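The block underneath contains the structure these notes are about, expressed in structure tokens.
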Amino acid sequence: MWSLSRIRRILPPLVFGVSFLLLWEGVVKGFDLKPYFLAAPSKIFEQFFKNFARIWEASSVSGTNALIGLIAGTVFGVVMSFALSRYRFLGELVTPLAIALNAIPSFVLVAVLNNMYSITSEIPRRIMVSLVVYFIVLVNVAKGLTQVQSTHVELMKSYAASDFAILRKVRVPNAVPYLFTALKIAAPVSVITSFVSEYFGGSQNGLGSRITSNIANSKNAAAWAYVLGACLLGLTFYAVSIVLESAASRGGAASKTNNNK
Amino acid sequence: MSAVQVTGVSKIFNQGTPKQVDALIDVNLTVEPGEFVSLIGPSGCGKSTLLRLIANLLEPTTGSVTVNSKSASQSRLDQDYGMAFQQAGLFDWRTVAKNIELPLELKGWDKDKRAARAQEMLELVKLPEFAELYPWQLSGGMQQRIAIARALAAHPPLLLMDEPFGALDEMTREYMQGELLRICAETSTTVVFVTHSIPEAVYLSNRVVVMSPRPGRITDLISVNLGAKRNEDTRAAADFFTGITAVREALRGTHADHANAGAVRGVEDR
Amino acid sequence: MSAVQVTGVSKIFNQGTPKQVDALIDVNLTVEPGEFVSLIGPSGCGKSTLLRLIANLLEPTTGSVTVNSKSASQSRLDQDYGMAFQQAGLFDWRTVAKNIELPLELKGWDKDKRAARAQEMLELVKLPEFAELYPWQLSGGMQQRIAIARALAAHPPLLLMDEPFGALDEMTREYMQGELLRICAETSTTVVFVTHSIPEAVYLSNRVVVMSPRPGRITDLISVNLGAKRNEDTRAAADFFTGITAVREALRGTHADHANAGAVRGVEDR
Amino acid sequence: GGSSSSTDTTAAAAATTDECVTPTPVKLQLQWFTQAQFAGYYAALENGYYTDMCLDVTILEGAVDITPQTVLANGEADFAISWVSKALASREGGANIVDIAQVFQRSGTLQVSFKDAGIATSADFKGKKIGNWGYGNEFEIFAALTKAGLDPAADVTLVQQQFDMSGLLAGDIDAAEAMTYNEYAQVLETMNPATGALYTADDLNVVSYEDEGVGMLQDAIWADGSRLADAEYNATAVKFVAASLMGWAFCRDDAQACTDIVVGKGSKLGATHQLWQMNEVNKLIWPAAAGVGMIDEAAWTRTVDLSQNAKNLEGGTVLTEAPDAEAYTNEFVTAAHALLTEKGIDINGASFAPIDVTLTEGGN
Amino acid sequence: MNRFARRAAYRTSMFVLSIVLVVALWEMYKVVGPQDGGKLFGAGVLPRSNDTAMPHVWTMLSRYGRPEVRGSDKRVWVVVLEGAWFSFRLSIVGFLLGSSIGVGLSILMSRFRIVERGLLPYLVVSQTVPLIALAPLVALWGGKLSIFGIEWPRWFSAAVLGAFLSFFPITVGTLRGLASAPAAAVELMESYAASWKQILLKLRFPSAIPYMIPAFKLGASGSVVGVVVAEISTGLKGGIGRLIIEYAREATADPAKVFTAVFGAAALGLTMAGVIAISDVYLMRNRPKETTS
Ligand SMILES: Nc1ncnc2c1ncn2[C@@H]1O[C@H](COP(=O)(O)OP(=O)(O)OP(=O)(O)O)[C@@H](O)[C@H]1O
Ligand SMILES: Nc1ncnc2c1ncn2[C@@H]1O[C@H](COP(=O)(O)OP(=O)(O)OP(=O)(O)O)[C@@H](O)[C@H]1O
Ligand SMILES: [Mg+2]
Ligand SMILES: [Mg+2]
């Protein structure tokens, strides 16, 4: 059943999206913009379906890098945030480095990493993704581990609970929603980072290299078909992170985060 | 043998620094088994500090605290007491039953025994059918009752409560007071209870401990006796109002300079 | 001419949807100029809704509200009333004086006139030397006094207060009650006051309006008369206790099913 | 070829002798940063050849994402330097641009590998990691692969190189794409850790796509087709081509002077590297049997054929159909040659002999 | 003020310490790490420690002091500094543009829920469109468009791309901040018959500031990245992005050089963050100190 409120939620973005595409199409047709300059959405969709198998293949290459980086970055981020919640000064050490790294375009760092590993290796790209994910996860999970209700900690102490028990029964569960918040941010970012990392070199099998080579060849519609694939991949990652969140917190945590938002 | 024995206790925070606070000075207090004692006094007079000292969440600067003739730290390790706070402080990610089981888990009880006890406690607080719900699905008063159930789960002989009903509206509060009295009578638990409300202190207690700030100390001990069978009518009884008036009088002294007392906050640490 | 006239007012939220709430049904209330009226009743009985209707922050579903013989909306535009809430709701980024000046700013007063009035109000609430501090540097009670000063800054004939002392501890609360009475007497302001506390309602009011929920309606109007010169001794007077007992009796009826009433929260919207 | 003759060109040539009142502003879009690859234009600018033709020329540098032919088609530049295949792809995408002078007569693309990799011809690419520049500079590789009967998606691993040759030097890739005038020199400017001296040509195998028969036409001057009907633009084009070719003739005769001009324009590449580049570029231009800048129909046809038939990674080709006849014209070069001959400039360079350049470490 | 000074000194020393640690790790790895990389569990996860892949820290530092190209008397540090200054100015323009767009959009969205519902999902999607696909388009607008007769200069394309990366976090942060004004405070303003604009200026914005500052921090580093990417892709001369790519071409022979420019970009990001941090201190000076439990 499509309830009224559901329609009301879905309608505006739908109307907006469709009218945006129509406007785009109209501008391209109306001003007779040539395909080398700006491709019409209809052409992009046409290319998308025509090249679907290749887009799928390229997406799976970039997607694999994103996924591995996402997992590695999350694991490192979680581990590090445990250390961070234990030793406060670590946070002060890591923050400026994070800011500095954030100011360097990722493909520049990948170029450096490519020299450190091998240009044919996927590792630099995965490292790059993990690095980006790592900081997002670190910041959020560390917050979740430290910002616990003082009542909870006192209560545990009154049970003569050890630090480890407090960590396990209070800090970790408290950090779970924060972890998912981080994942929601990190999931699409990991996809972007993954294919942007292909910009300056390396194996030519992912979305990023397809986009650049098609643009360089004045095949704009094809390039944007890959961009569309990239957007869809990013949205898929995002959707999966949401599904994971609701699956993992079927009980209490989910509603709590919703209330806090 | 007394349930709680506080002897010559002082608590000074940040001793020797410019931020030094004399939270408690030379406090002596004895609580008998089965007794219900309330701590009342203006904000900052050290009620919570005294409760934390008894719970061994803080160490006294001088003096000693014993609970059931053991040192405070030993009785904490033995889980000789249960605790409840103004915020129910339930864990959102645990069901009601699992919340109640928490102290038992930490004591290493096995699963079946824990579940049985949780169900027993839920019956005690009259919420047996809510075991599998999550705390945020309950009203404030119900959450507070779960918190009490949790505090009592290990059957501790002593219950320490820091303004447990402070966040409830007056009607729910009065209902909860009745419930607490009933539960404590059933389990013959000793209670040390911090509150800001004079009627609450009078209604609940055998004795009301009146405290005053700067430095924190006990200024009065007022015995109240509304009888074992308190009910709604008690609140309309003359004894009740007499008790209220007595406590108010005792407090008046602690409150002389209230108008702008403790006024400017945070000035010290700027 | 009455200060507030509520005639046949109903307020139904989300009318016609599954979430419909009958917040108020057929409410009639007249408040005379200079009168102090309290609204009391269990949570969800529509106290805040009624206050918001008077303030024209909500429109009634049926019926009409007039304030000083004007429509509620006109009197809002004219700033005929001041408002205060449970949280003082001061703006952290404005000094105390600037907080008090806020309603005057919005009225377009010029700077000097505003400053003069703010100083005058600060003297009224006995905090003249705190003008240049920021709200978070003050204690809760002082913040609440500033909020009252702000509500009165434009000299409105009517003051609407929604549990203004709910967040204060009992001692501070009793002090603030005294202050409020003094200020209202000095400025001969009419007050509509929402509270959960029976003693508070009895101590402050000329009349206590008792409400009951589902659907929200007025069930009782209790006249109290503790005299114009109320003071600390009034709280020990027999009249005071009689008033309390009367209001409690009136409330008892509204509260029969309290134990698990409205228990499971959020069930409807899950 | 599209040599539909027009009287405008001759008229334009005559116009150059007129007094110059206000020079015509002209913008030239390059493919890449300032370097000796574009020395002819900088020489023409520096030596006043453009000014003499009453042109006020501004040279716009290229970059990673600057597609010169697109810039031209958008009207942001009056002329652009681009490789033929890339430009024809844009033309197919609707960009109305015309090749009016083919400056580089030969392809300068190599595939460089170390001797031990055993890559002597493009047939040896099979199973190897083949580096390329991407961004549309890789078509000759696809052409060579197609010619050798290899599938770019399956038989080789294609790897996009970074901006330097470290992929090859570190052994990450087996053969790197290199221009004779640039990246090839970079390898020769690097210390060989085994010998402690620079790498030499003997250490390397070089596959030249020109020699493999899959060379595609490279740097050409492109004009805006939609404006060619305009007499004024037409005249400007002739003057611009003439002055530019004069610049190239100057560089042919004095490579060192041209190198200095380019270095003076702020190129960050070292001076000996630039001199090497100048010399190699000269080799791609001179000698020009039909006259510098003349578009050779055979080379053009070969380029078009390869563009239509060489399959890339995605199984596509650069061009889906042959370009129309208007895609190039020799009438401007012809008119320009007339002007240059008048001035006594050698447009063939039959006696051209490259100089010897000794590379130094890092090209400095 | 003393407290700020002490805090700043502490932060600085922590920053220096973290750099020292990274340097130490780098050099330590150069000692113990395999020259040509190594495999662990069958995957080549150990980086190469040779001087081409990982130049010594002192090689990189001393590169700053040597001339950029032989024969030139311009030292690398001067060039990098000039490049950073150029990009900094562009980043500021991009940041200002991005913040105006971001704040404007968030006002619009907080005013009209329908705009929020319609637009927000696409703003999210817009950030998954890679800059490398947009850069050529925006670069083309340079010279093509003119607004009110003012030509769109080339550098402005770079600033626009900076704005593209900075507006999103600013929009989201400001939107959340504007919505953070307590309902009671909004009601209070309504009880004063305050207009929408008055509520916005006197209530919503001041209460949004704690949300806006972290958002602006993200926006600032976004604008740096956007500008650097744009310089790389459109070849805009004079900035740090252009230096990175020019030096990268020489990495074969002079591997330390490219690091000088990369560090320049990092320093640029830190500077932008610093600028925002200062305004943070200024704007929050009269607010209660954050209490974390
Ligand atoms: N950990 C601490 N460090 C420093 N000072 C403290 C600490 N805990 C409490 N104090 C100070 O000790 C004094 C007593 O505090 P306490 O919390 O016991 O008061 P209280 O009577 O419980 O007040 P309230 O009614 O507001 O809860 C106060 O001045 C408080 O600021
Ligand atoms: N904006 C609204 N939309 C829907 N329902 C509302 C709204 N505001 C109030 N209600 C409902 O109207 C009823 C009365 O609410 P109101 O806030 O007036 O109660 P109250 O007496 O002030 O309660 P409390 O003592 O908890 O403040 C409640 O059931 C509440 O859920
Ligand atoms: Mg306390
Ligand atoms: Mg209410």
Side-chain angles (χ1 to χ4, degrees), chain C residues 48-49 51-58 67 72-96 98-99 101-109 132-138 143 147 150-151 153-154 156 158-164 166-167, chain E residues 1-4 103 106-107 110 113 173-174 176-216 276-293:
Chain C
S48 301
T49 304
L51 204 73
R52 278 175 180 67
L53 285 167
I54 298 172
N56 186 238
L57 297 173
L58 289 175
V67 174
S73 71
Q74 188 55 47
S75 59
R76 177 167 70 92
L77 296 175
D78 295 350
Q79 287 199 24
D80 274 356
Y81 61 85
M83 245 192 140
F85 300 93
Q86 174 161 13
Q87 301 304 326
L90 301 174
F91 293 177
D92 274 338
W93 53 89
R94 287 173 165 250
T95 60
V96 163
K98 289 265 175 262
N99 263 288
E101 288 178 28
L102 178 66
L104 311 177
E105 247 175 76
L106 292 165
K107 271 196 152 176
W109 286 28
E132 292 312 311
L133 289 183
Y134 284 88
W136 46 271
Q137 298 173 317
L138 307 182
Q143 289 185 20
R150 179 178 62 184
L158 175 63
L159 195 53
L160 303 175
M161 307 180 93
D162 198 347
E163 301 186 46
Chain E
M1 236 35 228
N2 197 4
R3 217 171 51 109
F4 289 137
V103 171
S106 57
I107 292 175
S110 77
R113 264 201 67 76
T174 310
R176 192 183 288 175
L178 291 177
S180 78
V186 177
E187 244 176 19
L188 185 77
M189 294 298 281
E190 277 170 359
S191 82
Y192 299 145
S195 65
W196 173 79
K197 199 176 126 201
Q198 283 172 320
I199 295 182
L200 185 72
L201 290 179
K202 292 192 192 286
L203 171 62
R204 290 199 187 273
F205 264 119
S207 46
I209 283 179
Y211 293 80
M212 288 168 75
I213 287 166
F216 275 61
I276 307 291
I278 289 168
S279 62
D280 181 3
V281 170
Y282 175 77
L283 286 169
M284 296 299 285
R285 70 196 182 288
N286 288 329
R287 303 284 182 112
K289 308 292 164 283
E290 221 168 278
T291 46
T292 41
S293 47

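Just so you know, these numbers come straight off a predicted model, no measurement behind them. Within every chain, numbering begins at 1; the chains are lettered A, B, ... in the order of the sequence lines, protein sequences first and strands thereafter.
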Residue by residue, scan residues 189-198 of chain E and write down, ordered by number, those that have a heavy-atom distance under 4.5 Å to chain C; if none do, write 'none'. E:Met189, E:Glu190, E:Ser191, E:Tyr192, E:Ala193, E:Ala194, E:Gln198
Set out, in order, the CA-CA distance, both residues' side-chain angles and the distance that settles side-chain contact (heavy atoms from CB on, under 4.5 Å) for C:Thr95 and C:Leu133, then state yes or no. CA-CA 5 Å; C:Thr95 60; C:Leu133 289 183; over 6 Å; no
Apply ring pair (Phe, Tyr, Trp, His ring centres under 6.0 Å) to C:Trp93 and list each qualifying residue two or more places apart in sequence or on a separate chain. C:Phe91
Run C:Met83 and C:Leu51 through side-chain contact (heavy atoms from CB on, under 4.5 Å) and show every step you take. CA-CA 10 Å; C:Met83 245 192 140; C:Leu51 204 73; 4.1 Å; yes
Sort out for me which of C:Leu90, C:Asn56, C:Leu102, C:Leu160 touches chain E most, counting heavy-atom pairs under 4.5 Å. C:Leu102
Between E:Glu187 and C:Phe85, is a side-chain contact (heavy atoms from CB on, under 4.5 Å) present by the stated rule, with each step listed? CA-CA 10 Å; E:Glu187 244 176 19; C:Phe85 300 93; 3.6 Å; yes
I'd like to know if the side chain of C:Gln143 reaches the main chain of C:Leu138, judged simply by a donor and an acceptor atom lying under 3.5 Å from each other, with no hydrogens or angles considered. yes
Side chain, backbone, both or neither: which part of C:Leu106 has an atom under 4.5 Å from a heavy atom of chain E? both
In terms of side-chain geometry, is the basic nitrogen of C:Glu132 or C:Lys98 positioned less than 4.0 Å from the acidic oxygen of its partner? no
Using non-hydrogen atoms only, which part of C:Gln87 is less than 4.5 Å away from chain E: side chain, backbone, both, or neither? neither
Check C:Arg94 with C:Glu101, please: is the shortest side-chain N to carboxylate O separation under 4.0 Å? no
Partner set under ring pair (Phe, Tyr, Trp, His ring centres under 6.0 Å) for C:Tyr81, not counting sequence neighbours: none
Residues of residues 202-211 of chain E with a heavy atom under 4.5 Å from any heavy atom of chain C, in residue-number order, are E:Lys202, E:Leu203, E:Pro206, E:Ser207
Applying side-chain contact (heavy atoms from CB on, under 4.5 Å) to C:Val67 and C:Gln74, what does each step give before you reach the verdict? CA-CA 9 Å; C:Val67 174; C:Gln74 188 55 47; over 6 Å; no
Nearest heavy-atom contact between C:Pro103 and C:Arg150 is CG-O, 3.6 Å
Report the option among C:Asp78, C:Leu57, C:Asp92, C:Leu77 that has the most heavy-atom pairs separated by less than 4.5 Å from atoms of chain E. C:Leu57
Hey, could you give me the OG1/CG distance between C:Thr49 and C:Asp162, rounded to the nearest 0.5 Å? 9.0 Å
